[in-house]
Amino acid sequence: MTKSDDTSHIHPPERSRQPFQAVTMPVERASTIVFDNLDAFEKRAERVYDGFSYGLYGTPTSRLLEDHIAQLEGAARALVVPSGMAAMTLATMAVCRSGDRILMPETLYGPARDMITRFLGPLGIVAQAYDPRLDAGIAELLDDRTRLVWVESPGSGTFEVQDVPAIVAAAHAVGALVAADNTWASHLLFKPLAHGVDIAMQALSKHAGGHGDLLMGSLAVRDEVLFRRLKDTARFLGYGVSPEDCALCERGLMTMPVRMRHAAASAAKIVNWLSQRPEVARILHPAMPDHPGHAVWKRDFSGAAAVFSVVLTPELAPFQAEILRRMRLFKLGASWGGVHSLVAVNDPRKSRTSLDWLPSGPVWRLSIGLEALDDLITDLEQALAVPAAASATAGRKAAE
C-alpha cells in the first residue's frame with residue numbers, strides 16, 4: 001500500500017525487535033492500546049488484571065516491575081501506584097466502606113493519618129489511633145465493625161517496633177485485615193506477608209528508588225480476590241504510573257541491597273558516635289537495647305535501615321537553626337532512604353499522646369546516605385560545636 005507523506009509520518013515501517021535482548025527493562029509508553037479484531041476490542045475489560053487494555057491500567061514495563069516486586073515481597077500479586085501516599089489511600093479505600101472502623105498507630109505516616117481522618121472520616125469511615133506499643137493488647141480496641149488495622153513498624157519519627165504477628169492474630173480473630181507500611185525495613189529486612197499481614201505497602205520513593213528523584217508506591221498481596229479489589233479501586237481513582245518511572249525504580253532495585261547495607265553500616269557507626277556525645281539525650285533506633293520493641297526487632301527483622309532519630313538535650317533548642325545552617329553534607333529535607341544524607345526536624349509530641357517514655361528536647365530524624373563515614377561524622381561534629389562556641393563567646397563578653 002502506497003502511503004502519502006502525512007500518513008507515513010504516523011505509520012513507520014514495521015521492524016522486528018528480535019533478537020534484541022537487553023539486560024535492562026524496556027520502556028514501553030502508551031495510552032492507546034490497539035486490538036486485532038472486534039471480539040478482542042469488546043473483551044478488553046477482561047485484560048485489566050493481567051493483559052493490556054489501556055495504558056492507564058498497565059504497560060509491559062509496569063507489569064514487569066509489579067512481577068518483580070511480588071517476587072521480592074513473597075507475594076502472589078503486586079500493584080504499583082504514583083506514590084506511597086497513593087498506595088495507603090488505595091489500600092484503605094479498597095477495604096473500607098461507610099460505617100467501617102480503622103485502627104492506625106499514632107506513629108503512622110502523618111499525611112496518611114490526615115487522609116484517614118479528614119478525607120475518609122466525612123465519608124463515614126471511623127478511625128481510631130492506638131499506642132503502637134499495644135501489640136496483642138490491641139484486641140481490646142477491635143470489634144465487628146473493624147475492617148482494617150494499619151501497622152507501621154518501626155513507626156515514623158520515633159521508631160517503636162510493633163509485634164506484627166500478635167496484632168495480625170488479634171485482627172484476624174474479628175475478621176479484620178492488616179496492612180503494613182513497611183517502607184523503613186523494606187522487603188530486605190522484614191517481609192510482612194510472611195508474618196500474616198494481608199497487604200504489604202512500600203513507598204518505593206525511598207529505598208527502592210534510592211536517589212531522591214522518583215515518586216512511586218507499591219502494594220503486595222497473597223490473595224487474588226484482594227488484588228482485584230485493589231486493582232479495581234486503582235482504576236476507579238485513575239491511578240497510573242509512568243513507564244519511565246517504572247524503569248528508574250527497577251534500576252534502583254538492582255542496587256538496593258548494596259546501598260542499604262553500606263548505609264546501614266555507616267549508620268551503626270554514627271549511632272555509636274552520637275551515643276557518646278553530650279548533646280544527645282537519647283537515640284531512637286530499634287537496635288538500641290532500651291528502645292521500645294527492641295526484642296521484637298531482634299526476633300523478626302534481619303537488620304536495621306539507615307534511618308533513625310536523635311533527641312537532643314533541651315539546652316540545644318535555641319541553637320537548632322544555627323546547627324542546621326552549619327551542616328554541609330546533611331541537607332534539611334523531609335524524605336529519606338537515598339544516597340544523600342538528610343536531616344528532618346519534627347516534634348512528635350504535637351500529634352502523639354503515648355510518648356511518656358520520650359525525654360524532652362528537639363527530635364531530629366537522620367537518614368544516612370552513601371557519603372564517606374568520616375566526612376559525615378566531621379560534618380556533625382563541626383555543626384554540634386555551635387553551643388560550645390556560643391558559650392565561649394558569651395564568657396568572653398562577660399569578662400570584658
Side-chain angles (χ1 to χ4, degrees), residues 10-97 177 179 187 193 198-204 208 214-253:
I10 298 171
H11 297 272
E14 294 185 4
R15 180 184 178 90
S16 171
R17 289 183 290 180
Q18 300 300 324
F20 182 78
Q21 298 183 49
V23 296
T24 54
M25 173 185 283
V27 178
E28 300 193 53
R29 305 169 63 243
S31 56
T32 300
I33 306 296
V34 297
F35 302 86
D36 292 335
N37 52 60
L38 178 60
D39 182 62
F41 179 76
E42 290 181 336
K43 293 179 178 177
R44 65 190 183 279
E46 298 175 6
R47 302 185 180 191
V48 166
Y49 306 109
D50 291 297
F52 307 103
S53 60
Y54 188 64
L56 180 65
Y57 309 137
T59 64
T61 307
S62 65
R63 291 279 198 262
L64 282 171
L65 178 60
E66 288 171 342
D67 289 347
H68 196 179
I69 290 171
Q71 173 184 292
L72 295 171
E73 292 273 16
R77 304 295 294 266
L79 179 68
V80 292
V81 293
S83 67
M85 181 66 184
M88 299 187 81
T89 302
L90 170 60
T92 307
M93 295 190 73
V95 172
C96 299
R97 299 291 181 267
L177 299 182
H187 51 270
L193 300 181
D198 301 286
I199 303 173
M201 171 266 163
Q202 284 192 65
L204 301 175
L214 171 69
L215 287 170
M216 192 176 292
S218 67
L219 297 168
V221 298
R222 295 166 297 177
D223 181 75
E224 178 69 21
V225 173
L226 180 55
F227 168 76
R228 293 192 174 211
R229 287 173 64 184
L230 293 168
K231 183 66 177 179
D232 285 341
T233 306
R235 63 190 180 94
F236 297 152
L237 292 172
Y239 282 171
V241 291
S242 156
E244 284 86 356
D245 284 348
C246 289
L248 276 178
C249 186
E250 177 68 15
R251 185 173 67 178
L253 287 174

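All residue numbers in this chain count up from 1 along the given sequence.
- Residue Q71 holds its CD atom at 9.5 Å from NE2 of H187, rounded to the nearest 0.5 Å.
- Judged as a salt bridge (Lys or Arg N to Asp or Glu O under 4.0 Å), and not counting sequence neighbours, the contacts of D39 are K43.
- Counting non-hydrogen atoms of other residues, nucleotides and ligands closer than 6.0 Å to CG of D36 gives a total of 12 or fewer.
- In this structure, NE2 on H68 lies 13.0 Å from SG on C246, to the nearest 0.5 angstrom.
- Using a 4.5 Å heavy-atom cutoff, the side chains of P26 and L64 are in contact.
- A220 and L193 make their closest contact through O-CD2, 3.8 Å (heavy atoms, listed as atom of the first residue, atom of the second, distance).
- Judged by distance alone, with hydrogens and angles left aside, the side-chain atoms of T61 form a donor-acceptor pair with the main-chain N or O of E28 at under 3.5 Å.
- Going from atom OG1 of T32 over to atom CG of L56 covers 11.5 Å, rounded to the nearest 0.5 Å.
- Shortest non-hydrogen contact noted between A94 and L230 is CB-CD2, 3.7 Å.
- Looking at residues two or more places apart in sequence or on another chain, you find a side chain to side chain contact (heavy atoms under 4.5 Å, CB included) between F35 and I33, A40, F41, R44, R47.
- The nearest pair of heavy atoms linking L90 to A234 is CD1-N, 3.4 Å.
- A donor-acceptor pair under 3.5 Å is formed between the side chain of K231 and the backbone N or O of Y57.
- We find the CD-CG distance between E250 and L65 to be 6.0 Å, quoted to the nearest 0.5 Å.
- Partners of E66 under the salt bridge (Lys or Arg N to Asp or Glu O under 4.0 Å) rule, at least two apart in sequence or in another chain, are R63.
- Taking E224 as the reference, R77, R228 meet the salt bridge (Lys or Arg N to Asp or Glu O under 4.0 Å) condition, with sequence neighbours excluded.
- Atom CD of residue Q202 and atom OG of residue S218 lie 5.0 Å apart, to the nearest 0.5 angstrom.
- Of all heavy-atom pairs spanning A30 and T59, the tightest one is O-CG2, 4.4 Å.
- Checked against salt bridge (Lys or Arg N to Asp or Glu O under 4.0 Å), D232 has the following partners two or more places apart in sequence or in another chain: R235.
- The minimum heavy-atom distance linking M201 with G84 is given by the pair CE-O, 3.3 Å.
- None of L219, L79, T92 except one satisfies the side-chain contact (heavy atoms from CB on, under 4.5 Å) rule with I199; the exception is L219.
- Checked by atom type and distance alone, the side chain of S62 never pairs as donor or acceptor with a backbone atom of G58 at under 3.5 Å.
- The salt bridge (charged side-chain N to carboxylate O under 4.0 Å, His left out) contacts involving residues 78-94 comprise nothing, where partners must be two or more places apart or lie in separate chains.
- Between I69 and V80, some side-chain heavy-atom pair lies under the 4.5 Å cut-off.
- In this structure, the separation between CZ on F227 and CG on D50 is 7.0 Å, given to the nearest 0.5 Å.
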Verdict with supporting geometry, V221 and D198, side-chain contact (heavy atoms from CB on, under 4.5 Å): CA-CA 6 Å; V221 298; D198 301 286; over 6 Å; no
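- The two atoms that bring T233 and R229 nearest to each other are OG1-O, 2.8 Å, heavy atoms only.
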